[in-house]
Peer 1: 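Shown below is the structure under consideration.
Only heavy atoms go into these numbers, but all of them, side chains included; no hydrogens, no water, no symmetry mates. In what follows, every chain begins at residue 1, and chains take the letters A, B, ... in the order their sequences are listed.
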Amino acid sequence: MSTKRAKTTASVGSKGKDPKESESSAGSVAVHGHPDDICPLTLTSATQELFGCRYDGDVTRDNPYKILRKEDILQDLRNRAAVSDFSPVKQLVLAYPEDELLLVYDRDFIYGSSFYLVLTVEGKDRHLMPIVAEVGEEALEREPSDVFAAQKTPEPRPWISLGSEQEIEEESVTDSRPRVKTPKCYEISRVRRAFGAPVFFSDRNAAETKDGFIECTPYQDKIFSLKQMERHCGVQAIPNCNSSSTQTPWTYPKNMCTQYEPREFSKEEKENCLQSEELKHFISLAVSRLEVAIQQNEIADVFFDDWKALSEDDGGYAGKADSHLKEYQSFTDLHFSQEKTISNISWHPTISGVIAVAMTERLSFEDRINASTKLLLNPSLILFWSFSDPINPQLLLECPDDVFSFEFCPSDPNIIVGSCMNGQVVLWDISAHVERLQGTRSSDTRDNETSVVRYCAVSSIEHGHKAPVTDIQWLPETFEVSRMGVPMENKSGMCVQIVTCAPDCCLMFWDIRAPRVAFQNMADQRKQKVEEKPLENPDGVPNTFKHLNLTWKPLFRVCPRLVNIPAIHSPNWGLNGSQTPNLFSDNLFFLPQDGELVYTDWKLEKDDSGRLFSVKPSHRFTIHDGLVNTVRRSPFFKDIVLTVGGWTFAIWKEGVMNGPIIHSSCSQRKCTVGYWSQSRPAVFYIGKEDGNLEVWDLLEKTHEPSQTQNITTAPITCIKPWIISSKQHLLAVSDHLGTLHILEIPWTLRSPCSNEKLSVNKYFEKEVDRLVYFDKRREMRTKEKKNMDAEELRKKMVRQRSQISKWILIIICLVGTYSVVKYIPGKLYFFLTYLD
Amino acid sequence: MAEVEETLKRIQTHKGVIGTIVVNAEGIPIRTTLDNSATVQYAGLLHQLTMKARSTVRDIDPQNDLTFLRIRSKKHEIMAAPDKEYMLIVIQNPSEQPQD
């Protein structure tokens with residue numbers, strides 16, 4: 001306020017004064033134009049002279065400051081009272097604490113007057129300070145180092161609160177009341193009686209008294225359903241992902257192939273290499289190593305397992321001691337096998353434990369004729385025995401006549417074909433009774449009566465054999481023969497063809513399928529139809545082979561052209577089922593009745609006129625001195641055949657036509673039958689006339705059987721081994737009395753030794769070599785003999801001539817005494833020349 | 001040349017030796033006693049196998065090197081003696097087991 005007044009009242013008394021430079025930027029610029037702590041004044045010249053602040057004299061532009069004494073100002077005031085220039089500021093001067101006031105010459109009339117008075121000490125200092133600062137600044141320019149030393153550190157000043165500590169004070173925790181200090185404690189007291197007194201507790205129901213308990217019931221807190229408005233989450237920057245795809249064009253698949261051949265050196269290059277020094281060097285180095293290795297191998301085979309090789313021959317508990325054929329079971333039927341003998345045995349191929357036996361009469365031909373009427377009433381039978389029932393046969397097959405040989409069909413065991421004494425071939429079908437045969441293993445025999453099955457087809461009498469059919473065989477299922485006798489492949493996979501032979505020098509092929517109705521008379525057809533109606537299943541015979549019954553003709557027949565037409569006994573060939581027609585061995589052995597063995601090709605050939613005829617037999621051998629009754633191929637070797645006849649047996653190898661490779665010595669008794677063992681390649685069985693069974697082991701002894709065992713008193717008629725399981729091998733032996741013996745083959749006879757087949761093969765080869773050698777020697781010997789004979793003859797001739805000449809000499813001497821010489825001069829000369 | 005021939009013949013006449021082949025570093029047969037197709041087959045296959053065996057030995061110990069390779073099979077034994085430039089292969093049938 002005072003400044004406002006000062007502004008208005010202050011007059012411009014100092015016109016000519018130099019205007020001051022306003023250094024008053026040091027002070028803050030007040031709203032009113034000048035700061036509060038200065039007061040513009042106008043001083044008259046009298047006052048100026050008084051105080052010594054005349055323009056351009058005491059106070060100049062450069063030095064606008066003048067210090068005035070307070071007492072002087074007060075004196076002036078007292079002297080001139082209201083006229084004094086200082087009268088407006090009188091109170092201020094009086095209030096001024098210090099003795100000296102600052103008067104500043106305001107030349108430029110910044111504050112409206114020529115002078116102004118600084119009213120506060122701070123102002124005074126401020127005004128004076130800039131001068132010093134200015135002076136200081138000038139000094140700075142001249143000497144900066146001095147200024148740094150002269151700079152003052154800021155002094156701490158009291159903190160001026162601007163209201164920022166309010167929040168902190170609100171948040172900070174302070175004691176609302178002073179804490180209880182230790183001297184001022186709380187006192188708790190109790191009656192002394194109650195110290196250590198027993199305490200008794202009692203229950204109190206909380207619901208009795210009001211406010212006995214305080215319940216904190218749950219309530220839905222709204223805070224829990226607060227939504228989180230903010231959440232921290234991390235963000236990671238990744239490069240841009242791009243997915244793209246392409247499709248390769250699918251061109252058609254092409255066949256591609258590369259052909260290459262190995263690199264090779266030419267001859268010259270090889271020579272070069274071989275000559276090179278490096279090679280020599282290398283060889284000398286390498287060979288030393290190699291020789292060591294080779295010699296190692298020569299000495300011993302290090303990888304050979306001796307332990308294993310040692311343990312091959314260990315067998316059952318009994319070891320080698322038990323090589324006896326043990327009797328397992330024996331079958332005789334009281335009803336049917338009296339006065340009869342067994343001609344053939346056959347095991348059932350699929351049902352184990354079932355064996356079939358053909359019974360025939362034990363009569364010679366004449367007796368047969370005599371007793372023919374009786375025989376007609378007693379039909380011949382084939383008996384089926386099962387192991388579970390040794391007394392009653394399971395099944396009986398009725399035959400038109402005595403059956404010499406019969407076979408189960410390998411592909412369908414329900415079909416049985418048999419060959420009869422009257423030249424007929426018979427077929428049975430036992431499909432209806434198979435369950436009975438199979439079920440006999442379980443002991444359920446409700447009906448004790450044995451069922452009789454009648455034959456369902458029989459061959460026509462005029463087209464069949466003219467002699468008892470002695471042997472019959474099925475052709476293997478992959479094989480069949482056409483009408484022309486050409487072997488072909490059988491596509492049906494079933495055995496359909498049979499071969500039979502008889503002593504009428506004929507070998508016949510039969511087919512069990514219905515004959516093709518290529519051309520058949522209407523009459524025949526009608527007849528057949530008529531015949532079929534009434535003959536519907538008489539005796540429960542199945543209709544399987546109705547088409548063949550009584551009209552069955554052989555497919556074709558082979559009659560080998562033998563020179564002196566002996567009878568054919570029983571050919572037998574081992575047909576390997578897996579052979580293709582190309583490999584079918586079309587050679588077979590015939591056994592004519594006089595102990596001869598014929599080896600020939602059965603294929604029919606065309607002669608010049610186009611007719612089919614059989615080829616002449618290629619080889620004939622007379623080895624056995626009796627009727628040859630067995631020809632059997634070995635199951636292990638396709639070209640080894642065993643023949644048994646008379647008192648000997650022989651083993652042949654196909655291809656070796658010189659003779660048998662093994663021919664046994666004559667035994668005491670006639671050999672009746674022989675069969676190879678099915679599990680050991682070197683073993684075969686020979687049955688004898690006295691009921692002995694001989695076991696021959698070619699690897700053990702070849703001059704006598706390794707074992708002989710007496711089975712029965714009658715001659716053995718048939719031997720057939722069979723493998724039931726790997727532990728049980730059985731041998732069926734039938735004798736002339738009609739009894740069937742089943743023997744069990746011991747372990748030594750049924751398990752082969754190591755490399756047995758190889759050894760036996762080697763043995764046979766050795767024998768073949770021996771034969772060849774002997775033949776050669778024989779030839780040599782004959783040649784030698786011939787030579788020797790020729791020599792002899794010549795020598796004899798020479799001797800004879802010499803003898804004659806001797807006699808002539810004597811005569812001449814005698815004659816020479818007489819003059820016969822004249823008469824016979826020519827002769828004399830002749831003799832003389834002859835003597836020379 | 002004669003020495004080489006003589007040595008090779010000596011090896012060939014050992015008991016059980018079936019064939020002898022001399023092969024160069026690339027597996028091309030130089031001299032052989034077997035027929036061509038068998039030679040080429042043996043040479044190619046054994047060359048590869050020897051390379052592999054050698055690299056195996058040297059991987060395990062670089063100071064080491066393959067000196068001899070023997071392959072025993074059921075029927076016979078193949079022996080290979082490799083070298084820097086050549087390789088000698090011998091096929092032998094070791095002593096057979098005695099027959100019954």
Side-chain angles (χ1 to χ4, degrees), chain A residues 260-306 308-310 312-313 681-682 698-700 752-763 766, chain B residues 1-8 10-17 20 22-32 36-37 39-45 47 67-70 72-74 76-100:
Chain A
Y260 60 91
E261 60 175 32
R263 274 189 301 170
E264 282 180 359
F265 277 149
S266 66
K267 259 201 152 70
E268 297 87 30
E269 281 172 328
K270 281 193 196 170
E271 291 292 319
N272 277 346
C273 276
L274 284 171
Q275 307 275 1
S276 63
E277 274 298 316
E278 295 116 8
L279 188 70
K280 278 193 211 149
H281 183 64
F282 158 71
I283 292 274
S284 56
L285 280 177
V287 161
S288 50
R289 280 176 260 160
L290 264 167
E291 293 217 291
V292 171
I294 292 177
Q295 265 175 358
Q296 259 179 16
N297 282 337
E298 277 177 18
I299 294 167
D301 184 6
V302 288
F303 293 105
F304 180 64
D305 194 349
D306 291 313
K308 248 196 216 157
L310 204 60
E312 266 179 13
D313 284 344
L698 286 175
L699 293 177
E700 205 180 309
C753 318
S754 60
N755 300 335
E756 184 164 332
K757 193 166 173 187
L758 215 60
S759 318
V760 175
N761 213 5
K762 278 206 174 141
Y763 176 64
K766 213 167 49 172
Chain B
M1 164 77 168
E3 289 171 24
V4 168
E5 284 290 333
E6 192 206 303
T7 321
L8 289 174
R10 203 174 76 227
I11 297 180
Q12 183 65 29
T13 51
H14 269 275
K15 180 178 133 199
V17 170
T20 317
V22 178
V23 168
N24 84 334
E26 292 176 345
I28 306 174
I30 295 175
R31 196 184 175 290
T32 172
N36 198 28
S37 57
T39 304
V40 153
Q41 201 170 21
Y42 269 110
L45 293 167
H47 178 250
T67 50
F68 205 68
L69 187 64
R70 272 168 95 161
R72 185 59 168 263
S73 74
K74 265 198 254 184
H76 31 250
E77 176 155 344
I78 305 169
M79 289 169 267
D83 192 53
K84 238 181 8 190
E85 289 136 19
Y86 299 97
M87 180 160 70
L88 184 59
I89 302 168
V90 172
I91 302 133
Q92 185 191 25
N93 199 354
S95 54
E96 289 176 320
Q97 285 141 34
Q99 294 289 327
D100 259 335

Peer 1: Side chain, backbone, both or neither: which part of A:Leu699 has a non-hydrogen atom closer than 4.5 Å to chain B?
Peer 2: neither

Peer 1: Specify the closest pair of heavy atoms between A:Glu264 and B:Val40, including all atoms of both residues, with the distance to one decimal.
Peer 2: OE2-CG2, 3.6 Å

Peer 1: Heavy-atom distances under 4.5 Å only: say whether B:Thr39 touches chain A with side chain, backbone, both or neither.
Peer 2: neither

Peer 1: What is the distance from atom CD1 of A:Ile283 to atom CG of B:Leu8, rounded to the nearest 0.5 Å?
Peer 2: 4.5 Å

Peer 1: Given heavy-atom pairs under 4.5 angstrom as the criterion, report whether the side chain, backbone, both or neither of B:Gln41 touches chain A.
Peer 2: neither

Peer 1: To the nearest 0.5 Å, what is the distance between CG (A:Leu285) and OG1 (B:Thr67)?
Peer 2: 11.5 Å

Peer 1: Run the salt bridge (Lys or Arg N to Asp or Glu O under 4.0 Å) test on B:Glu3 and A:Lys280 for me, step by step, so that the C-alpha distance in whole Å, both residues' side-chain angles and the decisive distance to 0.1 Å come before the verdict.
Peer 2: CA-CA 8 Å; B:Glu3 289 171 24; A:Lys280 278 193 211 149; 5.5 Å; no

Peer 1: Tell me, out of A:Ala293, A:Ala286, A:Cys273, A:Pro262, who's got the most heavy-atom pairs with chain B below 4.5 Å.
Peer 2: A:Ala293

Peer 1: Any pair with a residue in residues 285-296 of chain A that passes side-chain hydrogen bond (donor to acceptor under 3.5 Å, both in side chains), sequence neighbours left out, goes on the list, sorted by first then second residue, please.
Peer 2: A:Glu291-B:Arg10, A:Glu291-B:His14, A:Gln296-B:Arg70

Peer 1: Answer with side chain, backbone, both or neither: which region of A:Leu290 has an atom nearer than 4.5 Å to a non-hydrogen atom of chain B?
Peer 2: both

Peer 1: Hey, what do you get for CZ (B:Arg31) to CG (A:Leu274), rounding to the nearest 0.5 Å?
Peer 2: 7.0 Å

Peer 1: Would you be so kind as to tabulate the donor-acceptor pairs closer than 3.5 Å made by side chains of residues 81-90 of chain B, with sequence neighbours excluded?
Peer 2:
| unit_1 | atom_1 | unit_2 | atom_2 | d |
| --- | --- | --- | --- | --- |
| B:Tyr86 | OH | A:Ser276 | OG | 3.3 |

